Student: 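Before we start, here is the structure in question, set down as structure tokens.
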Amino acid sequence: MIKIVLLGYMGSGKSTIAHLLSEKTQIEAFDLDKIIEERAGLSIKNIFEQKGEVFFRKLENQIFKEFISSEKDMILSLGGGTPCYANNHELLNGGGVVSFYLKASIETLYERLLSVRDNRPLIAEQEKEEMKEYIAKHLFDRSYYYNQATHIVSVDKKTPEEVTAEISRILA
Ligand SMILES: Nc1ncnc2c1ncn2[C@@H]1O[C@H](COP(=O)(O)OP(=O)(O)O)[C@@H](O)[C@H]1O
Ligand SMILES: O=C(O)C1=C[C@@H](OP(=O)(O)O)[C@@H](O)[C@H](O)C1
Ligand SMILES: [Mg+2]
């Protein structure tokens with residue numbers, strides 16, 4: 001049984017790479033945020049707005065534990081905050097779990113997130129001028145958890161296909 005877990009900051013490419021890696025390996029991919037949206041019957045944005053972040057983190061922890069402990073092979077892309085709450089980070093290595101931290105620089109994250117932050121409530125309302133500083137501090141706070149991944153893959157200046165190929169090589 002193998003669980004390939006992708007983690008990293010918002011915009012690092014977890015959801016994109018999970019899909020490409022699934023095509024390449026024929027292992028089914030699941031996106032934790034999508035499962036949360038299906039279970040709640042609400043978008044991530046509406047969960048945060050209507051139920052609050054604590055509700056989201058509890059559901060995220062519950063579904064993460066359910067998927068990581070199932071007997072099924074899978075690629076699982078996490079949300080950016082998943083490893084940083086409850087005891088989720090303790091489940092990133094061993095027992096068939098191999099995790100990859102998709103490590104992106106503040107500059108890369110800032111450029112990407114400017115165009116795709118609408119369904120990302122933690123940054124959707126940030127003033128553009130303050131966003132880089134927010135990402136820098138937030139990433140600093142979270143790095144302790146991200147660095148506990150089994151492997152660290154730098155994604156700066158690489159296409160999604162290049163990142164996918166690098167992960168495939170490590171898995172082989
Ligand atoms: N290696 C890459 N190079 C350029 N753009 C990328 C790369 N990986 C992802 N993206 C883009 O960055 C944005 C965020 O990707 P996404 O997979 O949703 O990240 P995450 O799930 O980590 O938040 C999307 O617009 C996606 O197309
Ligand atoms: O970093 C975070 O705390 C979050 C990241 C999001 O996922 P992506 O990293 O896929 O954007 C999503 O889970 C939610 O908006 C909270
Ligand atoms: Mg995602």
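Read the numbers this way: they start at 1 and go in the same order the structure lists the ligands and their atoms. Keep in mind that what you see is a predicted model, and the values were worked out from it rather than measured.
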Student: Among Lys14, Arg112, His19, Glu111, which one has a heavy atom closest to atom 8 (N) of ligand 1?
Tutor: Arg112
Student: If the cut-off is 4.0 Å to any non-hydrogen atom of Ser15, which atoms of ligand 1 fall inside it?
Tutor: 17 (O), 21 (O)
Student: Which of the numbered atoms in ligand 1 are under 4.0 angstrom from any heavy atom belonging to Lys158?
Tutor: 1 (N), 2 (C), 3 (N)
Student: With the side chain counted from C-beta on, respond yes when Ser43 and Ile47 share a heavy-atom pair under 4.5 Å apart, and no when they do not.
Tutor: no
Student: Using a strict 4.0 Å cut-off to heavy atoms of Tyr9, name the atoms of ligand 1 that fall inside it.
Tutor: 22 (O)
Student: For Lys14, counting its heavy atoms only, list the atoms of ligand 2 lying under 4.0 Å from any of them.
Tutor: 8 (P), 9 (O), 10 (O)
Student: What is the ring orientation for Phe56 with Phe48, classed by angle as parallel under 30°, tilted 30 to 60°, or perpendicular over 60°?
Tutor: tilted
Student: Side-chain heavy atoms under 4.5 angstrom apart, residues restricted to Ile, Leu, Val, Met, Phe, Trp, Tyr: same cluster for Val5 and Leu21?
Tutor: no
Student: Would you indicate whether the side-chain heavy atoms of Phe64 and Leu91 approach each other to under 4.5 Å?
Tutor: yes
Student: Given 3.5 Å as the limit, does a donor-acceptor pair link the side chain of Ser99 with the main chain of Ala149, or not?
Tutor: no
Student: Show your reasoning for whether salt bridge (charged side-chain N to carboxylate O under 4.0 Å, His left out) applies to Arg39 and Glu66.
Tutor: CA-CA 13 Å; Arg39 296 266 176 104; Glu66 181 190 321; 2.9 Å; yes
Student: Quick check on Glu162 - does any of its heavy atoms sit under 4.0 Å from an atom of ligand 1?
Tutor: no
Student: Ile44 heavy atoms, cut-off 4.0 Å: which ligand 2 atoms fall inside?
Tutor: 14 (C), 15 (O)
Student: Quick check on Lys45 - does any of its heavy atoms sit under 4.0 Å from an atom of ligand 2?
Tutor: no
Student: Side chain or backbone, does Phe48 bring an N or O within less than 3.5 Å of an N or O on ligand 2?
Tutor: no
Student: Where is the nearest protein heavy atom to atom 18 (O) of ligand 1: which residue, which atom, and how far?
Tutor: Arg120 NH2, 3.0 Å
Student: Looking at side-chain heavy atoms only, is the closest gap between Tyr144 and Gln148 below 4.5 Å?
Tutor: yes
Student: Taking side chain as C-beta onward, heavy atoms only, is Asn46 less than 4.5 Å from Asn119?
Tutor: no
Student: Using distance alone, determine whether Gly81 and ligand 2 share an N or O pair under 3.5 Å.
Tutor: yes
Student: Can you name the atoms of ligand 2, numbered from 1 with element, that are less than 4.0 Å from a heavy atom of Asp33?
Tutor: 6 (C), 7 (O), 8 (P), 10 (O), 12 (C), 13 (O)
Student: Look at atom CD of Gln50 and say whether more than 12 heavy atoms of other residues, nucleotides or ligands are closer to it than 6.0 Å.
Tutor: yes
Student: Can you sort out which atoms of ligand 2 are near Leu122, meaning under 4.0 Å from one of its heavy atoms?
Tutor: 2 (C), 3 (O)
Student: Should the pair Tyr101 and Tyr146 be assigned to parallel (<30°), tilted (30 to 60°) or perpendicular (>60°) ring geometry?
Tutor: tilted
Student: Count I, L, V, M, F, W, Y as connected when their side-chain heavy atoms are under 4.5 Å apart, and connections chain through other members. Are Leu76 and Ile152 then in the same cluster?
Tutor: yes
Student: Pick, from Met10, Glu53, Arg57, Glu37, the option with the minimum heavy-atom distance to atom 3 (O) of ligand 2.
Tutor: Arg57
Student: Go through ligand 2 atom by atom and flag the ones less than 4.0 Å from a non-hydrogen atom of Arg120.
Tutor: 11 (O)
Student: If you measure from each heavy atom of Ser77 to ligand 1, is any distance below 4.0 Å?
Tutor: no
Student: What part of Thr159, side chain from CB on, backbone N/CA/C/O, both or neither, has a heavy atom under 4.0 Å from ligand 1?
Tutor: backbone
Student: Counting only heavy atoms, which portion of Arg142 has something under 4.0 Å from ligand 2: side chain, backbone, both, or neither?
Tutor: side chain
Student: May I ask you to test the Ile4-Val97 pair for a side-chain heavy-atom distance under 4.5 Å?
Tutor: no
Student: Which ligand 1 atoms, with their elements, are less than 4.0 angstrom from a heavy-atom of Thr16?
Tutor: 9 (C), 15 (O), 16 (P), 17 (O), 26 (C)
Student: Mind checking whether Leu92 and Tyr9 sit in one hydrophobic cluster, side chains of I, L, V, M, F, W, Y counted as touching below 4.5 Å?
Tutor: yes
Student: Decide whether an N or O pair under 3.5 Å exists between Gly13 and ligand 1.
Tutor: yes
Student: Evaluate Thr82 against Leu7 for side chain to side chain contact (heavy atoms under 4.5 Å, CB included), listing each step before the verdict.
Tutor: CA-CA 8 Å; Thr82 316; Leu7 58 107; over 6 Å; no
Student: Report yes or no: does Val116 have a heavy atom closer than 4.0 Å to ligand 1?
Tutor: yes
Student: Looking at the Mg ion (ligand 3), is there an N, O or S atom belonging to Ser77 that lies under 2.8 Å away from it?
Tutor: no
Student: At a 4.0 Å cut-off, with the gap strictly under it, does some heavy atom of Gly11 reach an atom of ligand 1?
Tutor: yes
Student: Under a 4.0 angstrom heavy-atom cut-off, which atoms of ligand 2 come close to Pro121?
Tutor: 15 (O)
Student: Check whether any side-chain heavy atom of Met1 lies under 4.5 Å from a side-chain heavy atom of Lys72, and answer yes or no.
Tutor: no
Student: Of all the atoms in ligand 1, which lie at a distance below 4.0 Å from a heavy atom belonging to Met10?
Tutor: 23 (O)
